[in-house]
Amino acid sequence: MRYEFVFEMIRICGAIYIIYLGIMLFFSRGKLSVKSYKGDMNKRTLFTQGLIISFSNPKAWIFFAAILPPFLDKQDPFGTGMCLLVFLLALVEFTCLSIYSLGGAALKRILFNHLRMLEIFTASLMCFIGIWMILS
């Protein structure tokens, strides 16, 4: 609060830099590219990598630890209710990740054909944000 002028100068310099990046992206003429990866990864390797990533996701473990205790039965902690809960959570997780991966595949096809339009949109958006920062 004591150096409001310094904050304003940093904000304006940042806005000018964002506008500069937007202009450079606009004139880059398709330097971004969507390449199809044709490595030696088979379906089993991809499945294993996805499984490892899913199991090592800390958000899923925190969610599971937060939602699990109210459903535990002291007399039968690994009973049918717990098995049903774990099955439902696995089914929801599988469904969400499948939708996520199918959306990514569809987005890749769209971007492969319309990448320049995305570059123009992104460049325009960056310039708009930079101008907005200057005017606010």
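Side-chain atoms are counted along with the backbone in the values below, which use heavy atoms only and exclude waters and symmetry mates. Because the structure is predicted, anything quoted here is derived from the model rather than measured.
Under the 4.5 Å side-chain heavy-atom criterion for grouping Ile, Leu, Val, Met, Phe, Trp and Tyr, Ile131 is connected to Ile134 within one hydrophobic cluster. Both Tyr3 and Ile10 are assigned to one and the same hydrophobic cluster, defined by single-linkage of ILVMFWY side chains at heavy-atom distances under 4.5 Å. Neither Ile18 nor Ile12 shares a network with the other; the hydrophobic side chains, linked directly or stepwise wherever heavy atoms of I, L, V, M, F, W or Y lie under 4.5 Å apart, form separate groups for each. Phe26 and Ile19 fall within a single hydrophobic cluster, where Ile, Leu, Val, Met, Phe, Trp and Tyr side chains are chained together by heavy-atom contacts under 4.5 Å. Cluster annotation: Tyr17 and Met24 are assigned to the same hydrophobic cluster (Ile/Leu/Val/Met/Phe/Trp/Tyr, side-chain heavy-atom contacts under 4.5 Å, transitive).
The nearest pair of heavy atoms linking Ala15 to Gly130 is CB-O, 3.3 Å. Taking both residues in full, the closest heavy atoms of Ser28 and Arg116 are given as OG-NH1, 4.3 Å, listed atom of the first, atom of the second, then distance. Residue Met126 comes nearest to Leu21 through the heavy atom pair CE-CB, 3.4 Å, listed as atom of the first residue, atom of the second, then distance. Gly22 and Ala123 get closest at one heavy-atom pair: O-CB, 3.1 Å.
The distance from atom CG of Leu125 to atom CD1 of Ile120, rounded to the nearest 0.5 Å, is 13.5 Å. With rounding to the nearest 0.5 Å, the separation of CD1 in Ile62 from CG in Asn57 is 9.0 Å. Once rounded to the nearest 0.5 Å, the distance linking CD1 of Ile129 with OG of Ser124 reads 11.0 Å.
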Output a table of donor-acceptor pairs, distance under 3.5 Å, between side-chain atoms of residues 97-105 and any protein atom two or more places apart or on a different chain; print 'none' if there are none.
| residue | atom | partner | partner atom | Å |
| --- | --- | --- | --- | --- |
| Ser98 | OG | Phe94 | O | 2.8 |
| Ser101 | OG | Leu97 | O | 3.3 |
| Ser101 | OG | Ser98 | O | 2.9 |

Could you give the side-chain donor-acceptor pairs of residues 81-90 under 3.5 Å, partners two or more places apart or in another chain?
none

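Geometric assessment of Arg11 against the ring of Phe5 yields a negative cation-pi assignment under the 6.0 Å and 45° thresholds.
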